[in-house]
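Only one structure is covered here, and it is reproduced in the block below.
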Amino acid sequence: MSFSHKILDWYHTHKRELPWRETRDPYKIWLSEIMLQQTRVVQGMPYYHRFLEAFPTVYDLAQAPEEKVLKLWQGLGYYSRARNLHATAKMVVEQFGGEFPRTYKDLKSLKGVGDYTASAIASFCFNVPEPVVDGNVYRVLARYFGVDLPINSPSGIKYFKELAREVMDAEQIRDYNQGIMEFGAIQCAPKKPYCLLCPLNEGCVALKENKVDNLPIKNNKTKVRVRHFNYLVYLDIHNNTLLEQRKGKGIWQNLYQFPLVESEKEMNPDEMEHYLKSESNLQLLDMATPYNPDPIIHKLSHQHLHTKFWIVKTSDILEEGTAWEEVSQFPVPVLIADFIRTLKI
DNA sequence: AAGCCGGGGCG
DNA sequence: CGCCCAGGCTT
C-alpha cells in the first residue's frame with residue numbers, strides 16, 4: 001500500500017472530531033487556520049467558538065472595530081494574525097463580494113494567508129490538489145523519507161514542498177492533507193513517538209537508521225533578548241488611570257498598556273522618583289511604590305520582559321484617564337491582564 | 001537568509 | 001530550561 005493510502009487509512013481510524021472538520025465553509029476554515037498558526041488545537045478551540053459567536057459571517061467581522069477583534073484575540077498571541085484577519089475580512093467583502101476566492105493564488109493574496117494556509121483553504125474547501133506543509137508534515141516527511149535538509153532553510157522548504165506534492169493523494173486531497181497533519185500531531189509526535197505500533201514503521205527511514213529523535217533538522221535557534229519594563233499605574237482620587245496604545249513596530253502592536261518606562265537595568269524607587277520628578281507634570285501624593293518588588297519575568301519566545309508595576313497616586317485629576325472599572329474592556333497583553341486581575345483597588 | 005512576532009504545554 | 005505548536009511578514 002502506498003504512503004498516502006496508509007495515511008488515509010490511519011486517519012479514518014484515528015481522526016479527532018474537530019468543528020472545522022465538519023464544514024467546507026471557507027469563512028470557518030479560514031478562521032480556524034489563522035488561529036491554529038503556531039498554536040495548539042486545544043488552545044485555539046475556545047477562541048474559535050467565541051469568534052464565530054461574535055462574528056457569524058465575514059460581514060460581521062469586516063464591520064467590527066479593530067479593538068473588538070483584538071479583545072477577542074487577547075491571550076492567543078501573534079497579534080498580527082488578528083489585525084490581518086480583520087483586514088482580510090474587509091478585503092473579502094469589498095474586493096471579492098463577500099465570497100472567499102477559490103484558487104491558491106488568489107487565496108495567498110489575502111493578508112496573513114501564506115503558502116500553508118492558502119493550500120489548506122483551497123484543498124479543504126474546494127478540493128484543489130495542493131499539498132499542505134506545516135510543522136507536522138515536515139516531521140512526518142523528514143522521518144519517513146529520511147530527509148536531513150533543514151526545514152527552515154530555503155532549499156529545505158522547496159524540497160519538502162516538492163516531496164509533499166509527489167506523495168500526496170490528489171483525488172482525496174482534503175482527507176489526505178488533514179490526515180498527514182493529524183498523523184504528525186498524534187502518531188508521529190515530536191517527542192517519543194510510539195513507533196512500535198506505527199502503521200508506517202515498515203518503510204520509515206528514520207526508524208530503520210535510528211534517527212527518529214534527530215529528524216527533522218531545524219537550525220537558527222532564536223536567542224532571547226532581556227528587557228526591563230516599568231509600568232506606571234497612575235491612580236487619581238476617582239480611581240482613574242492612564243492607558244496608552246502601543247504603536248510602531250515591535251511586540252503587541254495596537255494593544256493597550258499602562259504608560260511604559262523601559263530601562264537598561266532594573267529600576268529602584270529612588271531612580272523612579274527621580275524619573276517622575278523630571279518627566280511628569282503630575283502632583284504626586286507619595287513616592288511611587290513598586291507593586292511587585294521582584295520583577296515579574298514575562299517570557300515571550302524571543303524576549304524576557306523583567307517587569308515592575310509601579311503604583312503612582314496623584315492628587316491631580318486625570319482628565320484623559322480611564323476609570324479602573326473600564327480597564328478590562330481594552331485589549332491588553334497577558335502580562336497586563338494578569339496584573340489587572342490581581343490588583344485590588 | 002535571517003529576524004521578528006505570543007503564549008502555553010510538555011519532558 | 002529548551003522545544004514545539006495546523007506560519008507569515010519584514011528587512
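Note: hydrogens, waters and symmetry copies are ignored here, and every other heavy atom, side chains too, is used.
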If you count the non-hydrogen atoms of other residues, nucleotides and ligands that lie under 6.0 Å from CD in A:Glu320, is the total more than 12? no
Pairwise side-chain hydrogen bond (donor to acceptor under 3.5 Å, both in side chains) hits with a residue in residues 289-299 of chain A, at least two apart: none
Applying side-chain hydrogen bond (donor to acceptor under 3.5 Å, both in side chains), which residue pairs with at least one partner in residues 35-45 of chain A are found, sequence neighbours left out? A:Gln37-A:Thr117, A:Thr39-A:Arg81
Taking for each residue the nucleotide of DNA chain B with the nearest heavy atom, is it A:Lys191 or A:Ser155 whose nucleotide lies nearer the 5' end? A:Ser155
Between A:Tyr79 and A:Gly75, is there a donor-acceptor pair closer than 3.5 Å when you use the side chain of the first and the backbone of the second? yes
Sidechain N-carboxylate O distance under 4.0 Å for A:Arg227, A:Glu262: yes
Between [atom2] on [N] and [atom1] on [X], what's the gap in Å once rounded to a whole number?
X	N	atom1	atom2	value
A:Leu85	C:dG8	CG	C1'	14 Å
A:Lys299	C:dG2	NZ	P	8 Å
A:Trp30	C:dG8	CH2	P	14 Å
A:Lys218	C:dG7	NZ	C1'	10 Å
A:Leu300	B:dG8	CG	C1'	12 Å
A:His298	B:dG7	NE2	C1'	7 Å
A:Lys192	C:dC4	NZ	C1'	16 Å
A:Asn152	B:dC4	CG	P	15 Å

Please name all residues satisfying salt bridge (Lys or Arg N to Asp or Glu O under 4.0 Å) with [X], sequence neighbours left out, ordered by chain then number.
X	answer
A:Glu99	none
A:Glu162	A:Lys158
A:Lys15	none

Residues pairing under salt bridge (Lys or Arg N to Asp or Glu O under 4.0 Å) where one sits in residues 168-182 of chain A, two or more places apart or in two chains, turn out to be A:Arg16-A:Glu182, A:Arg21-A:Glu182
Would you say the side chain of A:Met168 lies within less than 4.5 Å of the side chain of A:Ile173, judging by non-hydrogen atoms? yes
Does [X] put a side-chain nitrogen or oxygen below 4.0 Å from OP1 or OP2 of [N]?
X	N	value
A:Gln38	C:dG7	yes
A:Trp252	B:dG7	yes
A:His302	B:dC5	yes
A:Tyr78	C:dC5	no
A:Gln303	B:dC5	yes

Is there any ring pair (Phe, Tyr, Trp, His ring centres under 6.0 Å) pair reaching into residues 97-134 of chain A, and which pairs are they, with sequence neighbours excluded? A:Trp30-A:Phe100
Have a look at [X] and say if it touches a base, only the backbone sugar-phosphate, or nothing, with a 4.0 Å heavy-atom cut-off.
X	result
A:Leu76	base
A:Arg139	sugar-phosphate
A:Trp20	base
A:Ser301	base

Taking atom [atom1] in both [N] and [M], compute the distance separating them and give it to the nearest angstrom.
N	M	atom1	value
C:dC5	B:dC5	C1'	14 Å
C:dG8	B:dG9	P	24 Å
C:dA6	B:dG3	P	25 Å
C:dC9	B:dG8	C1'	23 Å

Given C:dC4, B:dG7, B:dC5, identify the nucleotide with an atom nearest to the side chain of A:Val334. B:dG7
Return the residues of residues 105-128 of chain A meeting this criterion: a heavy atom under 4.0 Å from some atom of DNA chain B. Order them by number, or give none. none
Specify the residues of residues 40-47 of chain A, ordered by number, for which at least one heavy atom lies under 4.0 angstrom from an atom of DNA chain B. A:Arg40, A:Gln43
Mind checking what makes side chain to side chain donor-acceptor pair (under 3.5 Å) contact with A:Lys108, not counting sequence neighbours? none
Are the aromatic rings of A:Trp73 and A:Tyr47 close, with centres under 6.0 Å apart? no
Could you say whether A:Pro216 or A:Val133 is positioned toward the 5' end of DNA chain C, judged by the nucleotide with the nearest heavy atom to each? A:Pro216
5' priority, DNA chain C, between A:Lys249 and A:Leu18 [closest heavy atom]: A:Leu18
Heavy-atom contacts under 4.0 Å between residues 166-187 of chain A and DNA chain C, which residues? A:Gln178, A:Met181
Residues in ring-ring contact (aromatic ring centres under 6.0 Å, His included) contact with A:Phe160, at least two apart in sequence or another chain: A:Tyr138
